[in-house]
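Here the structure is laid out as structure tokens; the discussion comes afterwards.
Chain naming here is simple, since letters A, B, ... match the order of the sequence lines and numbering starts at 1 in each.
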Number of protein chains: 2
Amino acid sequence: MSRQPARPDDEAAFLAAYDPRDFPAIALTVDIVVLTMREGRLNVLLVERAGPPFQGCWALPGGFVKAGQEGLDEAAARELAEETGLSAGALRRVHLEQLGSYGAPGRDPRMPVVSVAYLAFAPDLPDPRAGGDAARAQWTPVVGLHGGGTGDRHATDRHSADPHSTDPRSTDPRSTDRPATDRELAFDHAQILADALDRARAKLEYTPLATAFLAPEFTVPELRAVYEEIWGEKLHPGNFHRKVLSVPGFVESTGETAERGGSRGGPRARLYRAGDARLLHPALLRPDREEGVR
Amino acid sequence: MSRQPARPDDEAAFLAAYDPRDFPAIALTVDIVVLTMREGRLNVLLVERAGPPFQGCWALPGGFVKAGQEGLDEAAARELAEETGLSAGALRRVHLEQLGSYGAPGRDPRMPVVSVAYLAFAPDLPDPRAGGDAARAQWTPVVGLHGGGTGDRHATDRHSADPHSTDPRSTDPRSTDRPATDRELAFDHAQILADALDRARAKLEYTPLATAFLAPEFTVPELRAVYEEIWGEKLHPGNFHRKVLSVPGFVESTGETAERGGSRGGPRARLYRAGDARLLHPALLRPDREEGVR
DNA sequence: TGAATAGTGTCTTTGAGACAGTATCGA
DNA sequence: TCGATACTGTCTCAAAGACACTATTCA
């Protein structure tokens with residue numbers, strides 16, 4: 001980075017040599033795709049935009065980076081805390097990672113804005129409070145949402161916005177009082193959400209992060225439900241169970257069993273905690289991505 | 001993104017409501033880790049900084065994003081073309097993907113600068129020309145470089161700079177005339193390079209991108225040499241050969257054979273082209289990451 | 001009591017890796 | 001001629017998936 005336009009000897013000279021026409025003002029934001037499980041369904045946190053552009057549209061929570069005062073990870077953590085109203089303690093159980101940056105020209109009709117997108121995995125969280133500048137905030141089932149669906153499981157390297165994709169300004173998805181579902185997302189947030197889901201699906205293969213969606217103690221069937229919901233397909237219960245227990249460091253037994261059996265019958269399952277593995281070896285690969293994925 | 005500090009009805013109102021103390025000026029750059037193979041070794045393109053800070057230091061090539069005029073991918077492609085002097089045609093054979101964004105406070109001593117890092121895989125390229133504001137530009141073997149080495153193969157999610165890492169200003173690695181090797185890199189570029197190498201090592205497992213380092217026609221032993229150099233370990237020639245040919249879409253035969261055999265004897269190898277697969281199924285997993293990677 | 005589920009055993013198939021062997025080339 | 005290498009064959013082992021089975025729980 002930081003090739004400068006001239007060769008200043010100090011900051012004053014640098015600023016003098018700086019030509020704002022070469023580098024017009026640019027704004028930097030962080031947007032967060034917060035995923036959680038509610039009633040067995042994958043949900044994403046959305047906020048309703050109180051002002052233009054895209055007034056009345058739903059969007060990913062986020063905000064401006066306080067340049068010079070915080071790093072990108074810090075900014076994302078701050079926004080996450082503000083939007084969810086979570087305590088620092090509760091936030092420690094949330095997984096937060098950088099997803100990628102989006103900077104297609106015109107993605108924000110007002111001015112050049114580059115957004116650094118983050119991805120968060122959270123256990124079942126309380127209903128969000130509507131933050132200052134958001135009209136409403138709510139958990140929204142991912143299914144049926146634009147950018148939801150099963151997604152292109154094999155898409156790669158979509159970290160940056162595709163300049164050929166639909167210009168968000170060419171449609172006007174705002175409306176007055178529809179729920180978050182069945183709504184287009186503001187800006188290029190549908191693309192960000194789609195990329196986030198791709199990343200989440202891949203992460204479940206190689207990391208134990210599925211446990212981040214569950215309470216500190218959980219059963220293997222609960223863990224399997226997370227995989228089934230995010231991957232969008234049923235898994236073989238017996239093989240899944242054996243597989244999870246065979247991967248070193250994935251889960252560790254508490255010695256306890258769940259209070260009740262399954263809702264539709266069956267024995268009470270044993271309880272586990274997340275293990276200390278950060279990567280799964282061997283990985284839990286998704287069942288046959290249809291052959292011919294060339 | 002783009003939660004605004006107030007609720008303006010148009011751009012004028014937005015600018016009026018904008019408090020520069022809340023969102024001080026921030027600069028956005030792209031930096032590129034261009035990897036290529038030269039004489040069997042993995043090389044990275046570095047430029048010598050002509051001005052402060054870090055004057056005389058080697059750094060990754062990059063530059064400011066022309067806000068509003070180009071997307072991030074475009075900016076990276078433009079910088080790549082400028083620094084390597086490659087034609088548009090030659091650039092089509094180069095793989096370019098976003099690596100992540102780095103924005104730790106103080107990473108640039110002059111002002112808040114966030115850098116979007118890109119990763120490029122290129123076949124053997126000619127010597128770079130020194131760009132306008134770089135004193136020199138040269139290919140540098142990755143081995144022995146800070147951030148080179150075998151790297152932490154299991155590090156994940158290091159997309160953003162670690163605020164706890166060494167402040168680049170606390171050392172003064174500049175000097176007068178040492179080669180690029182044995183030099184600290186400017187800013188947090190050692191971290192970016194390390195992350196890039198981690199990404200490259202992982203990409204070789206799941207994608208056929210190793211072919212991006214080779215000429216359009218190549219032999220299986222040449223392909224194996226790429227894997228061995230980037231992974232830093234010898235592979236079993238026989239098993240590697242069978243594996244490559246068994247993965248659908250990885251390589252396709254040209255029917256020809258190489259002009260000469262190996263430099264130290266042996267039969268002439270058959271020639272292949274890159275296939276149409278974008279993901280490898282099954283993957284070419286690295287040999288035993290030592291057990292106990294928890 | 002019946003249906004659904006937790007968890008285990010076992011068999012088959014696939015793929016990774018070790019090893020050996022043959023043919024071909026450079027020096 | 002010798003040594004190195006390309007490539008193939010074969011064996012073993014690990015892991016994934018299909019299937020079957022028992023035990024336990026809810027309704």
Side-chain angles (χ1 to χ4, degrees), chain A residues 40 204-206 214 217-228 231 233-272 279-291, chain B residues 40 204-206 217-228 231 233-251 253-272 279-291:
Chain A
L204 259 54
E205 291 192 314
Y206 302 105
L214 298 172
E217 299 197 349
F218 53 86
T219 68
V220 172
E222 285 168 351
L223 184 63
R224 175 163 49 86
V226 173
Y227 275 89
E228 290 179 336
W231 284 353
E233 45 195 328
K234 290 294 172 192
L235 301 178
H236 188 293
N239 290 339
F240 181 86
H241 190 278
R242 178 192 8 243
K243 173 76 181 165
V244 165
L245 296 190
S246 75
V247 176
F250 194 177
V251 299
E252 57 188 33
S253 174
T254 68
E256 313 281 308
T257 66
E259 290 293 321
R260 288 185 44 83
S263 57
R264 281 171 295 191
R268 293 183 293 180
R270 292 196 263 268
L271 286 171
Y272 297 87
L279 258 53
L280 301 183
H281 278 301
L284 258 148
L285 297 180
R286 271 174 280 189
D288 259 356
R289 343 174 103 179
E290 71 281 4
E291 294 301 330
Chain B
L204 259 53
E205 291 192 312
Y206 301 103
E217 300 197 349
F218 53 85
T219 67
V220 171
E222 284 168 352
L223 184 63
R224 176 164 48 86
V226 172
Y227 275 90
E228 290 179 338
W231 283 353
E233 45 194 329
K234 290 295 172 190
L235 301 178
H236 188 292
N239 290 338
F240 181 85
H241 191 277
R242 180 190 10 248
K243 174 77 180 163
V244 165
L245 296 189
S246 74
V247 176
F250 193 177
V251 299
S253 174
T254 67
E256 313 280 309
T257 65
E259 290 292 321
R260 289 183 45 83
S263 57
R264 281 171 296 188
R268 291 182 295 181
R270 293 196 264 267
L271 286 171
Y272 297 87
L279 258 53
L280 300 184
H281 277 303
L284 258 148
L285 297 180
R286 271 172 282 187
D288 259 355
R289 344 174 102 179
E290 70 280 6
E291 295 300 331

Categorize [X] for me: base, sugar-phosphate, or nothing, with a 4.0 angstrom heavy-atom threshold over every strand shown.
X	value
Ala283(A)	sugar-phosphate
Pro237(A)	nothing
Ser263(B)	sugar-phosphate

Write down the distance between [atom1] ([X]) and [atom2] ([N]), rounded to a whole number of angstrom.
X	N	atom1	atom2	result
Lys234(A)	dG17(D)	NZ	P	17 Å
Arg224(A)	dG7(C)	CZ	C1'	11 Å
His281(B)	dT14(C)	NE2	P	17 Å
Leu235(A)	dT5(C)	CG	P	14 Å
Leu223(B)	dC7(D)	CG	C1'	15 Å
Asn239(B)	dA20(C)	CG	C1'	12 Å
Arg268(A)	dT22(D)	CZ	P	23 Å
Arg286(A)	dA15(D)	CZ	P	21 Å

5' priority, DNA chain C, between Ala269(A) and Glu259(B) [closest heavy atom]:
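Result: Ala269(A).
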Nearest to side-chain heavy atoms of [X], which nucleotide of [options]:
X	options	result
Arg264(B)	dA15(D), dA4(D), dT5(C)	dA4(D)
His236(B)	dC19(D), dA18(C), dA15(D)	dA18(C)
Arg270(B)	dA15(D), dC7(D), dG7(C)	dC7(D)
Pro221(B)	dA18(C), dC7(D), dT24(C)	dC7(D)
Arg260(A)	dG17(C), dA27(D), dA6(C)	dA27(D)

Can you name the one residue among Leu280(A), Asn239(A), Val251(A) that meets side-chain contact (heavy atoms from CB on, under 4.5 Å) with Val244(A)?
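So the option named by the test is Val251(A).
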For side-chain contact (heavy atoms from CB on, under 4.5 Å), just list the numbers for Lys234(A) and Phe240(A), CA-CA rounded to whole Å, side-chain angles, deciding distance to a tenth of an Å, and then say yes or no.
CA-CA 10 Å; Lys234(A) 290 294 172 192; Phe240(A) 181 86; over 6 Å; no
Whether His241(A) contacts dA6(C) is assessed here as follows: a side-chain N or O lying under 4.0 Å from the phosphate OP1 or OP2. Is that the case?
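Answer is no, no contact under 4.0 Å.
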Considering heavy-atom distances to DNA chain D, does Pro267(A) or Ser246(A) have its closest nucleotide positioned more toward the 5' end?
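Here Ser246(A) is the residue nearer the 5' end.
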Go through the steps to decide whether Tyr272(B) and Leu223(B) satisfy the test side-chain contact (heavy atoms from CB on, under 4.5 Å), and finish with yes or no.
CA-CA 10 Å; Tyr272(B) 297 87; Leu223(B) 184 63; over 6 Å; no
Could you walk me through whether Phe218(B) and Val226(B) pass the side-chain contact (heavy atoms from CB on, under 4.5 Å) test, one step at a time?
CA-CA 11 Å; Phe218(B) 53 85; Val226(B) 172; over 6 Å; no
Between the base of dT10(C) and the side chain of Arg242(A), is there a donor and acceptor pair under 3.5 angstrom?
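Yes.
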Run the numbers on Thr257(B) and Leu271(B) for side-chain contact (heavy atoms from CB on, under 4.5 Å), then give the verdict.
CA-CA 5 Å; Thr257(B) 65; Leu271(B) 286 171; 5.8 Å; no
